[in-house]
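By convention here, the first residue in the shown sequence is residue 1.
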Amino acid sequence: MTDPHPPAPTRRVSIEDIARAGGVSHSTVSRALRDYPLISAATRERLQALAREMGYTPNAVAQSLQRRHTGTIGLVVTSISDPFFVDVIEGVEEVARSAGLSIFLNSSHNDPAQEIAVIENFHRRRVDGVVAAAARSGDRYAARLQRINVPVILINDQAAADRHLFHSVAVDDQAGAMLAAGHLLELGHRRIAYLGVSNRPKSNDRRLAGYRAALASAGVPVCDELIAIAPEELMAAGDVAAGQALGPRLRDAGATAICCHNDMVAVGVGLTCAVPGDVSVVGFDDNAIARYVTPPLTTIAQPKREMGRLAIEMLLALLDGRAVESRVFQPTLRVRASTAAYSRG
């Protein structure tokens with residue numbers, strides 16, 4: 001005899017159900033059920049046990065369509081020839097290698113359109129995560145990063161827009177510029193210039209703000225004729241060229257010292273001005289070249305290798321379903337021979 005009240009069909013347990021029960025994300029459960037190697041063993045075993053307890057049965061069709069991990073990370077930098085990124089890349093590779101990850105490295109050449117093309121390439125290669133260093137592109141780039149649906153870590157993001165949707169590793173640009181200008185003020189300089197760049201808007205704005213703040217704190221007026229921002233057309237020739245072109249102009253405008261946006265700009269100033277005889281010069285980054293130019297360059301040091309390592313460690317944590325927090329590093333002053341006490345009458 002047929003039961004007039006058959007039991008209602010039992011709903012299939014989903015990955016979302018397991019995620020809610022386990023207090024983790026959908027993607028973490030998905031990776032745990034696929035034995036994803038970058039998920040910690042404890043997390044993987046706990047979620048697999050929970051899935052068994054809840055009676056989870058994988059959908060064969062969905063499982064066959066599921067994207068498998070590739071064990072690869074996409075890393076985009078503005079230029080592999082930029083000394084700043086040498087240490088960053090080494091830090092990234094150090095942690096990635098120990099985690100069994102391979103790196104796809106691409107450069108954007110400070111071209112926002114190229115940045116987007118690089119991200120599209122990463123998407124086609126089905127990378128497990130992306131580290132973007134000094135990214136410039138705005139909303140379109142951010143939207144594309146979101147759509148590829150993998151963890152993203154930004155290093156010293158240069159977009160003017162607030163990228164609050166992404167985790168980041170950065171240096172305190174304003175504090176660094178305050179250290180640079182403060183050092184020159186302590187040496188007795190009062191006609192202190194700032195030589196910036198236009199193709200890294202966020203860091204340039206913050207370093208300029210730090211320069212202004214240091215002078216204001218010392219009661220030294222900020223003179224517009226002592227602020228020069230290299231335009232895009234000049235930046236096309238590179239940072240050294242910007243320093244070569246604008247350093248003499250600032251010296252001729254009466255500057256006795258120059259805070260430069262980075263070390264390569266400072267090197268350019270040193271090629272066309274007598275340093276520290278004509279002008280004392282402070283760079284920013286503490287690239288290897290800062291120790292080897294003549295005279296050795298006083299500069300603001302960023303922990304570049306540590307920033308690269310931390311970016312990958314944060315990425316691994318996200319892949320493991322763990323929470324991470326963005327980090328801002330404090331820079332330090334490295335005093336060398338490119339700065340000297342003010343001695344003019």
Side-chain angles (χ1 to χ4, degrees), residues 10-76 88-89 91-104 119 122-123 125-133 142 145-155 163-170 305-329:
T10 302
R11 185 175 69 84
R12 179 188 293 272
V13 175
S14 69
I15 287 178
E16 286 83 358
D17 296 328
I18 301 169
R20 280 193 295 271
V24 296
S25 68
H26 171 282
S27 60
T28 299
V29 174
S30 178
R31 294 186 180 105
L33 297 181
R34 288 184 282 138
D35 286 324
Y36 196 89
L38 299 180
I39 298 288
S40 70
T43 298
R44 190 164 59 246
E45 291 169 5
R46 179 175 71 87
L47 293 175
Q48 288 177 353
L50 183 59
R52 289 193 297 271
E53 292 171 9
M54 296 177 67
Y56 172 73
T57 303
N59 182 299
V61 174
Q63 193 175 48
S64 68
L65 295 175
Q66 208 168 37
R67 183 176 78 86
R68 301 292 178 178
H69 82 275
T70 61
T72 57
I73 297 297
L75 171 61
V76 55
V88 172
I89 292 169
V92 168
E93 288 184 330
E94 178 185 323
V95 176
R97 186 167 50 249
S98 65
L101 292 171
S102 297
I103 301 292
F104 287 132
I119 293 302
F122 288 159
H123 183 49
R125 291 176 178 270
R126 306 176 80 82
V127 298
D128 297 321
V130 171
V131 175
L145 283 173
Q146 284 183 275
R147 284 199 299 273
I148 68 173
N149 196 32
V150 297
V152 176
I153 305 294
L154 303 175
I155 300 178
R163 298 271 184 80
H164 64 280
L165 296 176
F166 302 107
H167 298 286
S168 64
V169 177
R305 187 174 278 102
E306 187 176 353
M307 292 167 74
R309 285 197 296 262
L310 179 61
I312 287 294
E313 289 169 358
M314 290 169 64
L315 200 61
L316 291 172
L318 291 174
L319 289 169
D320 195 21
R322 290 178 279 129
V324 301
E325 292 185 3
S326 295
R327 173 82 178 273
V328 177
F329 286 90

What pair of heavy atoms forms the shortest contact from Leu319 to Pro151, and how long is it? CD2-CG, 3.7 Å
Any donor-acceptor pair under 3.5 Å from Asp128 side chain to Thr70 backbone: yes
Please report the shortest heavy-atom distance between Asp17 and Ser14, naming the atom on each side. OD2-N, 2.9 Å
Paired with Ile73, the side chain to side chain contact (heavy atoms under 4.5 Å, CB included) test is passed by just one of Val92, Val95, Leu315, namely Leu315
What heavy-atom pair brings Ile103 and Ala96 nearest, and what distance separates the two atoms? CD1-CB, 3.8 Å
Any heavy-atom pair between the side chains of Arg305 and Val88 that's under 4.5 Å? no
The reported gap from CD in Glu16 to OG in Ser25 (rounded to nearest 0.5 angstrom) is 11.0 Å
Is there a side-chain contact between Leu316 and Leu101 (heavy atoms, below 4.5 Å)? yes
Out of curiosity, Phe329 CZ to Glu306 CD, how far, rounded to the nearest 0.5 Å? 4.0 Å
With side chains defined as the heavy atoms from C-beta onward, is the minimum distance between Leu33 and Leu47 less than 4.5 Å? no
Which heavy atom of Val131 sits nearest a heavy atom of Ala311, and at what distance? CG1-CB, 4.2 Å
As an exercise, state the distance from CD1 of Ile18 to CZ of Arg52, rounded to the nearest 0.5 Å. 11.0 Å
Kindly determine whether Val127 and Thr72 satisfy side chain to side chain contact (heavy atoms under 4.5 Å, CB included), including the steps that lead there. CA-CA 5 Å; Val127 298; Thr72 57; 3.8 Å; yes
Please examine the side chains of Ile153 and Leu318, heavy atoms only from C-beta on, and report whether any two atoms are closer than 4.5 Å. yes
Closest non-hydrogen contact found for Val324 with Met314 is CG1-O, 3.7 Å
Find out whether Phe122 and Val76 are in side-chain contact, i.e. whether some heavy atom of one side chain is under 4.5 Å from a heavy atom of the other. yes
Euclidean distance, Thr43 OG1 relative to Gln48 CD, rounded to 0.5 Å: 11.0 Å
Indicate the atoms forming the closest heavy-atom contact of Ser168 with Ser326, along with that distance. N-OG, 3.0 Å
